[in-house]
Every structure is written in C-alpha cells, then in structure tokens.
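Please read these numbers as outputs of a predicted model, since none were measured by experiment. Count residues from 1 along the sequence.
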Amino acid sequence: RNPILILKKSAKITWFVAGKQPKTALINFSLDSFPKIFNFRSGKGNVYVYSTDNNTPQSEIDQRIEKLRNQLEENNIGAALLVQRADLLYFAGSVQEAHLYIPVDEEPVLMIFRSLDRAIAESSLRRIVPLASPKAVPDLLDQYGYKVPPVIGMELDVLPTNLYFS
C-alpha cells in the first residue's frame with residue numbers, strides 16, 4: 001500500500017500508524033520538507049497521511065442521514081444500502097468503493113473495500129468496517145448485530161449489472 005498524500009503549504013492532517021491512535025496536527029511544509037515529516041513519523045510501520053481540511057462536518061452528514069431515514073420510514077422501508085460514489089460522498093463523506101447501510105433505527109455502517117484508514121480520516125460516521133466482497137454484506141451486518149428488514153431501499157437506477165444478477 002502506498003501512502004495517499006494531499007499537499008498544501010499548510011494543512012491540518014491526520015495520520016495513522018498501525019495499532020496506534022490517529023493523530024492530527026497543523027503542519028507547514030513544502031515538497032522539499034515533506035519527506036522529513038514522512039520519515040519522522042513512519043517508525044516501524046507505514047504512515048498514511050490524509051488532509052482532513054475539506055471533510056464534510058459530522059452535523060451535516062447526520063442531518064442528511066436523518067432526512068433519508070424519514071423518507072425510508074414514510075415509505076415503510078427498513079433500511080437503505082448505498083453503493084454509488086456520489087451517494088457515498090453525500091451520506092458518508094468518502095468516495096471510496098464501499099457499501100453504506102443506513103437502517104431506520106440503528107447506527108449506519110460504512111463497509112469499505114480498500115483503505116479503512118482513509119475512510120476513517122474522511123468520514124464522520126462512527127461505524128466504519130472493512131468489507132472483502134459484496135457477498136459478505138449479510139454476514140457482516142449479522143456480525144455487528146443488525147437485523148435485516150424485509151424491505152431495503154437501493155439505488156436501482158445505478159446498480160451495476162453484476163450486482164443485480166448476483
């Protein structure tokens with residue numbers, strides 16, 4: 001895995017080291033000085049640096065999810081499963097390949113295929129977990145104690161054909 005770097009003259013960044021708590025700091029740097037910062041924090045493991053300056057605020061994500069939940073409830077739909085990147089950005093604050101499960105009466109869960117650390121840095125959702133494949137979604141939801149409702153809403157206008165037929 002290569003680190004993802006978003007460089008500016010000054011940035012509030014959050015970095016992650018395997019097995020440790022994330023850290024956030026305001027750092028001034030240039031392309032010449034950045035390797036020193038990277039090496040300073042790398043230690044024994046990889047360091048992944050993400051800019052958190054443009055993250056969608058948690059209050060905004062919460063309001064968007066609440067509006068969706070109201071619409072789901074009004075239409076007797078127990079949850080939504082979102083897969084399109086535009087919707088993932090709008091409701092989770094991340095555009096990674098992922099599935100976002102939003103139940104009407106439980107905590108949403110963002111299931112990430114690739115970079116869990118990046119998703120944690122980008123999204124204000126409290127439950128973010130790794131996902132190996134779309135087929136693992138039911139087992140993952142069961143593992144975290146979610147009750148799958150009889151009706152789940154999906155973005156059928158953009159659902160990839162291979163998911164529709166699987």
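For E73, the side chain to side chain donor-acceptor pair (under 3.5 Å) criterion is met by no residue, not counting sequence neighbours. The side chain to side chain contact (heavy atoms under 4.5 Å, CB included) check on L88 picks up A98, L100, L110, with sequence neighbours excluded. Taking the side chain to side chain contact (heavy atoms under 4.5 Å, CB included) definition, one finds that N75 meets it with Q71, I77, sequence neighbours left out. When the side chain to side chain contact (heavy atoms under 4.5 Å, CB included) test is applied to A132, no partner is found at least two apart in sequence or on another chain. The side chain to side chain donor-acceptor pair (under 3.5 Å) search around R64 returns E60, not counting sequence neighbours. Partners of S59 according to the side chain to side chain contact (heavy atoms under 4.5 Å, CB included) rule, which considers only residues two or more places apart in sequence or in another chain, are P57. Legend: residues meeting side chain to side chain donor-acceptor pair (under 3.5 Å) with S123, ordered by chain and number and at least two apart, are absent.
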Tell me which donor-acceptor pairs under 3.5 Å the side chains of residues 141-153 have, and how far apart each pair is, sequence neighbours excluded?
unit_1: Y146; atom_1: OH; unit_2: E107; atom_2: O; d: 2.6
unit_1: Y146; atom_1: OH; unit_2: R127; atom_2: NH1; d: 3.2

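The ring-ring contact (aromatic ring centres under 6.0 Å, His included) contacts involving residues 102-136 comprise H99-F113, where partners must be two or more places apart or lie in separate chains. Sorted by first and then second residue, the salt bridge (charged side-chain N to carboxylate O under 4.0 Å, His left out) pairs with a member in residues 89-99 read E97-R114; sequence neighbours excluded.
Of the residues listed (L140, L82, L81, V137), the one engaging Y101 in a side-chain contact (heavy atoms from CB on, under 4.5 Å) is L81, and it is the only one.
Although no hydrogens or angles enter the test, the distance criterion places a donor-acceptor pair under 3.5 Å between the side chain of R69 and the main chain of P103.
Using a 4.5 Å cut-off between side-chain heavy atoms of Ile, Leu, Val, Met, Phe, Trp and Tyr, with links allowed through other members, M111 and L89 fall into different hydrophobic clusters. The hydrophobic clustering, which links ILVMFWY residues whose side-chain heavy atoms are closer than 4.5 Å, places V104 and L68 together. At a threshold of 4.5 Å between side-chain heavy atoms, the hydrophobic network of Ile, Leu, Val, Met, Phe, Trp and Tyr places V83 and V95 in two separate groups.
Across all non-hydrogen atoms, the minimal contact from L125 to A92 is CD1-CB, 3.7 Å. The shortest non-hydrogen separation linking I102 to P108 is CG1-CB, 4.2 Å.
Expressed to the nearest 0.5 Å, how far CG of D139 lies from CG of L131 amounts to 10.5 Å. Taking OG from S94 and CD1 from I128, the interatomic distance works out to 7.5 Å, rounded to the nearest 0.5 Å. Taking CD1 of I65 as the start and OH of Y90 as the end, the distance is 10.5 Å to the nearest 0.5 Å. Here the CG-CE distance, from D87 to M154, works out to 11.0 Å after rounding to the nearest 0.5 Å.
Of the N and O atoms on the side chains of Q58 and S124, not one donor lies less than 3.5 Å from an acceptor on the other residue.
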